[in-house]
Amino acid sequence: MPIQLESPRQADVVQLIDDLDAFQKPLYPPESHHGIDLNALSQPNVLFAVARSEQGVALGCGAMVLGADFGEVKRMYVRPEVRGQGLARALLAFVEAEAIARGCTRFALETGPLQPEALALYARMGYEECGPFGDYAPDVHSVFMRKLAVATA
């Protein structure tokens with residue numbers, strides 16, 4: 001499935017983000033939601049990737065927010081009907097590679113403890129649990145993870 005950097009401001013991509021919110025919002029209290037909106041996703045320091053079917057249907061998305069010290073993984077989502085095919089792994093590897101190409105050397109993310117599939121994916125991709133980073137505060141509804149960037153040939 002093709003993956004490329006795209007604008008998040010497309011109707012089918014906005015639907016992916018809305019679907020992600022609909023999944024996550026019931027799991028955690030509002031103060032523990034750390035998703036970023038379309039304006040933030042549209043900033044020049046954000047790499048926003050979309051995976052599409054051969055017919056052009058948006059199947060998943062993921063972002064990397066490039067900061068001065070690290071890239072933060074945000075808005076990872078794959079439609080339920082195409083899960084289990086390696087798409088989330090491919091999306092994450094894609095945004096990591098794009099970030100590395102721009103000089104990023106470390107990655108970090110925040111996710112929730114009630115998302116075991118996400119936690120397992122990140123662990124398989126080499127992320128390790130750590131304490132809060134950036135502007136995050138300790139939160140029982142957050143799992144913080146990090147990884148050193150590794151360029152692949």
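Residue indices begin at 1 and follow the sequence shown. Values below: every heavy atom of this structure, side chains too, minus hydrogens, waters and symmetry copies.
Contact annotation: the side chain of H34 approaches that of D139 to within less than 4.5 Å [non-hydrogen atoms, C-beta and beyond]. In this structure the side chain of Y127 reaches within 4.5 angstrom of the side chain of V73, judged on heavy atoms. Residues F94 and L47 fail the side-chain proximity criterion, which asks for heavy atoms closer than 4.5 Å. Proximity of R106 to F133: side-chain heavy atoms (C-beta onward) are nowhere separated by under 4.5 Å. Residues K25 and P30 fail the side-chain proximity criterion, which asks for heavy atoms closer than 4.5 Å. With a 4.5 Å cut-off on side-chain heavy atoms, I3 and L91 count as touching. Residues D12 and R52 have side chains in contact (heavy-atom distance under 4.5 Å, counting atoms from C-beta outward).
Rounded to the nearest 0.5 Å, atoms NZ (K147) and SG (C130) are 13.5 Å apart. Summarising the geometry, atom CG belonging to L109 is positioned 10.5 Å from atom OG belonging to S142; distances are rounded to the nearest 0.5 Å. Distance check, rounded to the nearest 0.5 Å: CD of E98 to SG of C104 gives 12.0 Å. Note that the CD atom of E129 and the CZ atom of R146 stand 11.0 Å from one another [nearest 0.5 Å]. Taken to the nearest 0.5 Å, the SG atom of C61 stands 9.5 Å off from the CG atom of D19.
By the 6.0 Å contact criterion, CD on E128 is open, its count of non-hydrogen atoms from other residues, nucleotides or ligands being 12 or less.
Shown here for A99 and F107, the closest heavy-atom pair between the two residues is CB-CE2, 3.8 Å. Of all the heavy atoms in A93 and M125, the pair that sits closest is N-CE, 3.9 Å. Pairing each heavy atom of E54 with each of M1, the nearest pair is OE2-CA, 4.2 Å. Contact between I17 and P8 at its shortest, heavy atoms only, is CD1-CB, 4.5 Å. When all heavy atoms are compared, the tightest approach of A137 to F144 is O-CZ, 3.6 Å. Between A118 and T111, the shortest heavy-atom contact is CB-OG1, 4.1 Å.
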If you look only at distance, which donor and acceptor atoms sit under 3.5 Å apart when one is on a side chain in residues 76-88 and the other is two or more places apart or in another chain?
residue	atom	partner	partner atom	Å
R79	NE	A58	O	2.8
R83	NE	V78	O	2.8
R83	NH2	V78	O	2.9

Salt bridge (charged side-chain N to carboxylate O under 4.0 Å, His left out) between D37 and R75: does it pass, once the steps are laid out? CA-CA 9 Å; D37 64 18; R75 293 305 195 168; over 6 Å; no
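Residues V14 and V46 share a single hydrophobic cluster, defined by chaining ILVMFWY side chains whose heavy atoms lie under 4.5 Å apart. In this structure, L119 is a member of the same hydrophobic cluster as L92, with clusters built from ILVMFWY side-chain heavy atoms closer than 4.5 Å. Hydrophobic clustering keeps M64 apart from F48 (ILVMFWY residues linked when any side-chain heavy atoms are closer than 4.5 Å, directly or through intermediates). L41 and V65 fall within the same hydrophobic cluster, defined by Ile, Leu, Val, Met, Phe, Trp and Tyr side-chain heavy atoms under 4.5 Å apart, directly or through other members.
A side-chain hydrogen bond (donor to acceptor under 3.5 Å, both in side chains) with Y28 is found for exactly one of H33, Q115, H141, namely Q115.
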